[in-house]
Amino acid sequence: MTDDTTASAMPTDTPLRTLLVGAQMLFVAFGALVLVPLLTGLDPNVALFTAGVGTLLFHSVTGVSVPVFLASSFAFIAPIQSSVKSFGISATLGGLLAAGLVYVLISQLVRLKGTAWLHRLLPPVVVGPVIMVIGLALAPVAVDMATGQTSETIGYGRAITLSMASLLVTLVLAVFGRGLIRLVPIMGGIVTGYVLSMVMGVVDFTPVHEASWLALPEFTAPTFHWAAVLFMIPVAIAPAVEHIGDMIAIGSVTRRHYLEKPGLHRTLLGDGLATCAAALFGGPPNTTYSEVTGAVTLTRAFNPRIMLVTAAIAIVLSFLGKLGALLQTIPAPVMGGIMTLLFGSIAVVGMNTLVRAGSALTASRNLVVVSLILVFGIGGMQFGDGQFTLQGVSLAALVGIGLNWLLPPEPSEEGR
């Protein structure tokens, strides 16, 4: 790659053009951004606010050099749902703050030691199945929402109609869409399901009528519960590793070496500080968005300052009280239909991680590592009781790291 591509590749020299392109980037990210808080019980207005603040923090750390927008991380959906159920929202936010600090710690280790240690600690044989667990651990929750099991007012017939209509539109846009349409499949599915819900008369607009036009987002401060912290910290592993891939992807688009300048340690630090800030205000963890990378590829909008405009618009929208109330009226079956595809796609990312690594999964060592990660993570294995419980993704990640460290390498790997 060369470093000769400049922001002039996209005519964003006027304030109006910059504003329009920045708004377009938020439109591309909007559906996925608000999906995470809607699925996890967090406030979507807070998520908009923390996405904007997190993006500004990221660019302050990296010197406004990478054209990325940070918003709600899908990898944390299942863990947040489990943690909220076990520990409550405030304690979950404390765990998410700790996860953000893990990002910060990793960034400093990368600055001091490089990335070789990270690849040894977290090889694909560990990261791949952990990502699969993240996607599949709460698959039954998606099915329950899609079939109306979590809704008191929507029966199975209407629920399955809503969920499958939302799912169908989402996958059609993802597979057959062209241009910007292909970048907003989640939003397309949600809008379709919502319109169909209104036709069926299952949407209650009372919260929207009662909400103010302008309102402060419902910020929630974190509290610290050691069990919630231990539960959430290992979840940071997969997104931290994926972050490297995100930086390579956007670098291949803009023809810049972001792992060298501003440096992986700075981009990881920006990601970690953004996640910490989100947890302090009550928002979901932040990550770089592949949808926005796709939009940058399509529009050739390489100027990182565009993302500052996108962040500012997100912050402004977060103070629209009626917007947040409207988002929370989306029926559960609509979200359930989206989740069935979303959780499966996360699992496929994990599978792809293993496939690209070319690891021989039938080799005894790899077989043991992958098998135990999957069964412990998906099957409900837990260590401890009461407040001392370790289970789910956190248990799976720790088991994988421990086994990878303790088990001797296969004979064919010793010379590598």
Side-chain angles (χ1 to χ4, degrees), residues 35-44 46-47 49-51 53-54 71-106 122 130-131 133-141 150 217-242 271-287 339 343 346 373 376-402:
L35 180 65
V36 177
L38 291 175
L39 294 179
T40 56
L42 302 179
D43 188 281
V46 175
F49 179 83
T50 55
V53 170
S72 315
S73 172
F74 284 177
F76 282 89
I77 292 176
I80 291 175
Q81 287 177 326
S82 293
S83 182
V84 169
K85 183 177 180 180
S86 300
F87 311 110
I89 289 180
S90 183
T92 296
L93 293 172
L96 295 175
L97 177 58
L101 293 176
V102 170
Y103 278 83
V104 174
L105 175 61
I106 292 175
L122 301 170
V130 168
I131 295 175
V133 169
I134 290 173
L136 296 177
L138 285 187
V141 174
T150 61
E218 295 184 6
F219 298 123
T220 303
T223 57
F224 296 96
H225 187 297
W226 77 268
V229 170
L230 290 179
F231 177 84
M232 200 61 69
I233 281 179
V235 183
I237 293 172
V241 173
E242 283 189 294
D271 216 333
L273 292 178
T275 293
C276 290
L280 287 173
F281 286 101
N286 284 317
T287 189
M339 287 172 65
F343 285 175
I346 293 174
I373 289 175
F376 279 28
I378 299 174
M381 176 66 73
Q382 68 177 45
F383 290 160
D385 191 18
Q387 294 185 344
F388 298 89
T389 301
L390 187 62
Q391 59 185 345
V393 179
S394 56
L395 175 60
L398 292 177
V399 166
I401 292 172

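This is a predicted model, so every value here is computed, not measured. We're numbering straight along the sequence, starting at 1.
Partners of F219 under the ring pair (Phe, Tyr, Trp, His ring centres under 6.0 Å) rule, at least two apart in sequence or in another chain, are F49, F281. Among residues two or more places apart in sequence or in another chain, the side chain to side chain contact (heavy atoms under 4.5 Å, CB included) test is passed with A278 by T50, N286.
Heavy-atom minimum distance, M232 versus A99: O-CB, 4.2 Å. Contact between S90 and A221 at its shortest, heavy atoms only, is OG-O, 3.0 Å. The minimum heavy-atom distance linking T223 with A91 is given by the pair OG1-N, 3.4 Å. Considering every non-hydrogen atom in both P140 and A137, the closest pair reads CD-O, 4.0 Å. Annotation for P285 and I80: closest pair CD-CD1, 3.8 Å, computed over non-hydrogen atoms. Residues P44 and P37 come closest through the heavy atom pair CA-CG, 3.8 Å.
The shortest side-chain heavy-atom distance between T275 and D271 falls under the 4.5 Å cut-off. Contact check for C276 versus L101: side-chain heavy atoms found under the 4.5 Å cut-off. Residues V130 and I373 meet the side-chain proximity criterion, which asks for heavy atoms closer than 4.5 Å. Two residues are said to be in side-chain contact when any heavy atoms from C-beta on lie closer than 4.5 Å; F76 and P284 fail this criterion. By the 4.5 Å heavy-atom criterion applied to side chains, L97 and L280 are counted as neighbours.
Atom CD1 in I89 sits 6.5 Å away from atom OG1 in T220 (nearest 0.5 Å). Note that CG of L42 and OG1 of T92 are 8.0 Å apart. Values are rounded to the nearest 0.5 Å. Interatomic distance, I77 CD1 to M339 CE, rounded to the nearest 0.5 Å: 7.0 Å. Taking CZ from F87 and CH2 from W226, the interatomic distance works out to 8.5 Å, rounded to the nearest 0.5 Å. If you take NE2 on H225 and CG on L93, they are separated by 14.0 Å, rounding to the nearest 0.5 Å. Taking CD of Q382 as the reference point, atom CG of L395 lies at 9.5 Å (rounded to 0.5 Å).
Panel note: side chain Q81, backbone L39; a donor-acceptor pair is recorded below 3.5 Å.
Using a 3.5 Å distance cut-off with no hydrogens or angles, the side chains of T287 and S73 do not pair a donor with an acceptor.
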Practice task
Given side chain to side chain contact (heavy atoms under 4.5 Å, CB included), test Y103 with L273 step by step and report yes or no.
Solution key: CA-CA 8 Å; Y103 278 83; L273 292 178; over 6 Å; no

